[in-house]
> 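Please find one structure pasted underneath; my questions will follow.
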Amino acid sequence: MIGALAAGGLLASVAWAAPVGLDRVDVLSEDPGTFLDEHVARWGPSPTVTSIRFAEQLKVVIRTPVRHLHLGLSAASQSLVWEPPLRWGLGLTAGVQTRWALPRGGVLGVHYRRGPLRFGLSANLLSGATWTRGDWSQWRVLPGVGVGFGPARKEPAPPHVWGDPLRR
Amino acid sequence: MGWFGCAWVLVGCQAGSEPLLEAHRTGAGYWPENSSYGLKQAMNEGYDGIEVDVVLTRDLVPVLHHDPAVSTEHCRTASGGAVPKDTLIRDLTYEELREGFLCGGVPLEEFDSAVVVAEPIASFDEMLGLLRDVAPAGQLIHLDIKQEPSLTLPPAVFAEAVLSRWYDAEVPQPMHVSSNLPDVLQAFREEGAVRGQSVETTLIWPRFPVGASTSAVALQREGAILSGKEDYVDLVTQAGADNIAINWELASKHLLTMAHREGVGIMLWTPNDPAVMRRLARSWPVDVIITDYPGEAL
């Protein structure tokens, strides 16, 4: 379903090509969702390994030519996420996540964007698929919280499908 | 194997039940590791399980020791001197080992409140005697086989020496065998089959070869798991094992959950902080926690 949403978003927005570039850096990534679930609590007793796991989830998010479609790249997860704005700074988050190009789950949620800050809340649907064991029969749902920073930008308004009202 | 199934055939683990606590190296936080003293205490305390390390002497006598060489940290010569580096146990007879060295009499910074008792290295036969006379019948015995290519005798020799003694002794306790080498587990299963027994085996992950940098090994394995090139279920399947025992700091809860659902028994080593043990027991899919402090309540 999430894949279909992302594909739908891609088709709906393909006409509004956007410039490619850095959207933001997530210091806390929503996907894959394992950092909050299992690593945060280990920071005290196991600081070195947890710091490595923290570094693994730091994510660079790049705007693709397809409007609102973002490519997120971290060592822990690589995702293709559609993030259309709704209103009041809120937006939708829907996409697929991979483990080094192997599809292994999806992410669905909402985000809030104001200036350079992006804050996201989502649910990660995560399988146990790995390159050695392509098994998508087992799934878990993990909560995702994202905190990212990027260059503040003003979204260009989408063109009206019935034309520019001022020219009527 | 079903949803939340478990391969823990000897103990019969169940999802949601409290994990068993195994005394790591007989309970190294309380008394000398792999010692006769430690064995007696751990048996008297009635811990769920006891983990011991097994190495083979030149005359094929299994003894309880962690390394292929006599430990320079834990042991001294019988005359009180330092143990020469690289004194391999496979080069010594049992008598030479027993007469020549005392272990456990050296205070350790890591376990500063542990009892200090100097004893000869304990033999496997001593342990079997204690299992008959002292240990509760249901106490799980975990034999961690310290076979190390080029430093010890071959896996099949270990398997024959250990299992012949174990089954001849007819002790009532359940037992499982672990190693970080699939070949060793295979040798024990084959030797068990020869004796008409099914030997439960546990793969230890990751493998830290003797002398290798633990940080480098940990980073390599982290990369393999991260990229999806290694997977716990696949590792266990390749090794033909029933269970996997994983370093708790390196473990991925997500992959452990998937493995547990596939029926793999899960063991974590070696959390020693009671708060960590409680957290793992509550929210991780774990059947056995191997700890130096098995007396801590979960």
Side-chain angles (χ1 to χ4, degrees), chain A residues 29-59 73-79 97-105 107 123-144, chain B residues 1-5 206 214-238 246-264 268-286 291:
Chain A
S29 296
E30 286 166 88
D31 61 288
T34 50
F35 188 73
L36 282 185
D37 180 54
E38 60 183 273
H39 300 309
V40 167
R42 285 194 271 181
W43 219 319
S46 179
T48 307
V49 174
T50 309
S51 297
I52 292 169
R53 299 271 164 89
F54 176 75
E56 288 170 359
Q57 62 88 53
L58 291 172
K59 190 168 68 180
L73 298 172
S74 72
S77 178
Q78 303 77 45
S79 55
Q97 51 173 298
T98 75
R99 183 197 289 272
W100 294 97
L102 178 78
R104 64 163 171 180
V107 56
N124 286 279
L125 184 63
L126 196 61
S127 75
T130 62
W131 279 110
T132 54
R133 205 172 62 91
D135 177 11
W136 287 271
S137 64
Q138 303 278 357
W139 295 86
R140 294 172 74 210
V141 178
L142 301 175
Chain B
M1 289 187 270
W3 186 273
F4 283 102
T214 52
S215 303
V217 170
L219 279 174
Q220 274 178 358
R221 300 278 64 82
E222 177 75 6
I225 289 290
L226 191 66
S227 63
K229 284 166 67 181
E230 256 177 24
D231 174 276
Y232 301 154
V233 176
D234 187 58
L235 287 166
V236 167
T237 306
Q238 296 282 335
I246 298 187
N247 176 290
W248 79 272
E249 290 190 80
L250 297 178
S252 156
K253 180 183 171 186
H254 180 67
L255 291 183
L256 282 184
T257 303
M258 296 302 167
H260 205 246
R261 287 179 185 177
E262 293 289 329
V264 176
L268 293 176
W269 49 279
T270 316
N272 282 336
D273 179 338
V276 171
M277 285 194 270
R278 281 192 285 273
R279 195 178 303 125
L280 293 171
R282 270 202 311 269
S283 60
W284 283 56
V286 54
T291 174

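Side chains are part of it too, since the values below use all heavy atoms of this structure and drop only hydrogens, waters and symmetry mates. A, B, ... follow the sequence lines: proteins, then strands. Residue 1 opens every chain.
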> Taking all non-hydrogen atoms of both residues into account, name the closest pair between A/A75 and B/L226 and its distance.
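Closest approach of A/A75 to B/L226, heavy atoms only: O-CG, 3.6 Å.
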> With a 4.5 angstrom heavy-atom cut-off, is it the side chain or the backbone of B/E222 that approaches chain A, or both, or neither?
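For B/E222, side-chain heavy atoms alone lie under 4.5 Å from chain A.
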> Whether the side chain of B/R261 engages the backbone of A/W139 through a donor-acceptor N/O pair (distance < 3.5 Å, no angle test) should be reported.
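A pair under 3.5 Å: yes.
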> Would you compute the distance between atom CZ of A/R42 and atom CG of B/L280 and round it to the nearest 0.5 angstrom?
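The distance works out to 7.5 Å.
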> Is A/S127 in contact with chain B via its backbone, its side chain, both, or neither, using a 4.5 Å heavy-atom distance?
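For A/S127, backbone heavy atoms alone lie under 4.5 Å from chain B.
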> Do A/E38 side-chain atoms and B/K253 backbone N/O form a donor-acceptor pair below 3.5 Å?
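Yes, the answer is positive, given that a donor and an acceptor are paired below the 3.5 Å cut-off.
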> What part of A/A129 is in contact with chain B, defined as an atom under 4.5 angstrom from a non-hydrogen atom: side chain, backbone, both or neither?
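Nothing of A/A129, per the 4.5 Å heavy-atom cut-off to chain B.
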> In terms of heavy-atom proximity below 4.5 Å to chain A, should B/W248 be classed as side chain, backbone, both, or neither?
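For B/W248, the contact with chain A is made by backbone and side chain together.
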> Please evaluate residues A/T48 and B/E249 with respect to the criterion side chain to side chain contact (heavy atoms under 4.5 Å, CB included), reporting the C-alpha separation (whole Å), side-chain torsions for both, the decisive distance (0.1 Å), and the verdict.
CA-CA 9 Å; A/T48 307; B/E249 290 190 80; over 6 Å; no
> Taking salt bridge (Lys or Arg N to Asp or Glu O under 4.0 Å) as the cut-off, I'd like each qualifying pair that reaches into residues 269-284 of chain B, sequence neighbours left out, listed once.
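Qualifying pairs, neighbours excluded: none.
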> Which heavy-atom pair separates B/M258 from A/L126 by the least distance, and what is that distance?
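Closest approach of B/M258 to A/L126: CE-O, 3.9 Å.
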> What part of B/L219 gets within 4.5 angstrom of chain A, counting heavy atoms only: side chain, backbone, both, or neither?
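Side chain of B/L219 only, per the 4.5 Å heavy-atom cut-off to chain A.
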> Of the non-hydrogen atoms in B/I225 and A/R99, which two are nearest, and what is the gap between them?
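Heavy atoms of B/I225 and A/R99 come nearest at O-NH1, 3.0 Å.
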> Rounded to the nearest 0.5 Å, what's the gap from NE2 on B/H254 to NE2 on A/H39? Could you check?
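So the gap between those two atoms works out to 10.5 Å.
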> Would you call A/R133 and B/D234 a salt bridge, using N to O less than 4.0 angstrom?
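A salt bridge is absent here (no side-chain N lies under 4.0 Å from a carboxylate O).
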> Using non-hydrogen atoms and a 4.5 Å limit, figure out which bit of A/D37 sits close to chain B: side chain, backbone, both or neither.
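For A/D37, backbone and side chain are both near chain B.
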> I'd like to verify something: which residue of A/T130, A/T132, A/L142 has the highest number of heavy-atom pairs under 4.5 Å with chain B?
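Ranked by heavy-atom pairs under 4.5 Å with chain B, first place is A/T132.
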> Is A/W100 in contact with chain B via its backbone, its side chain, both, or neither, using a 4.5 Å heavy-atom distance?
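Only the side chain of A/W100 comes within 4.5 Å of chain B.
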> At a heavy-atom separation under 4.5 Å, does A/R53 approach chain B through its side chain, its backbone, both, or neither?
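Only the side chain of A/R53 comes within 4.5 Å of chain B.
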> Please classify the contact of B/S252 with chain A as side chain, backbone, both or neither, using a heavy-atom distance under 4.5 Å.
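Both parts, backbone and side chain.
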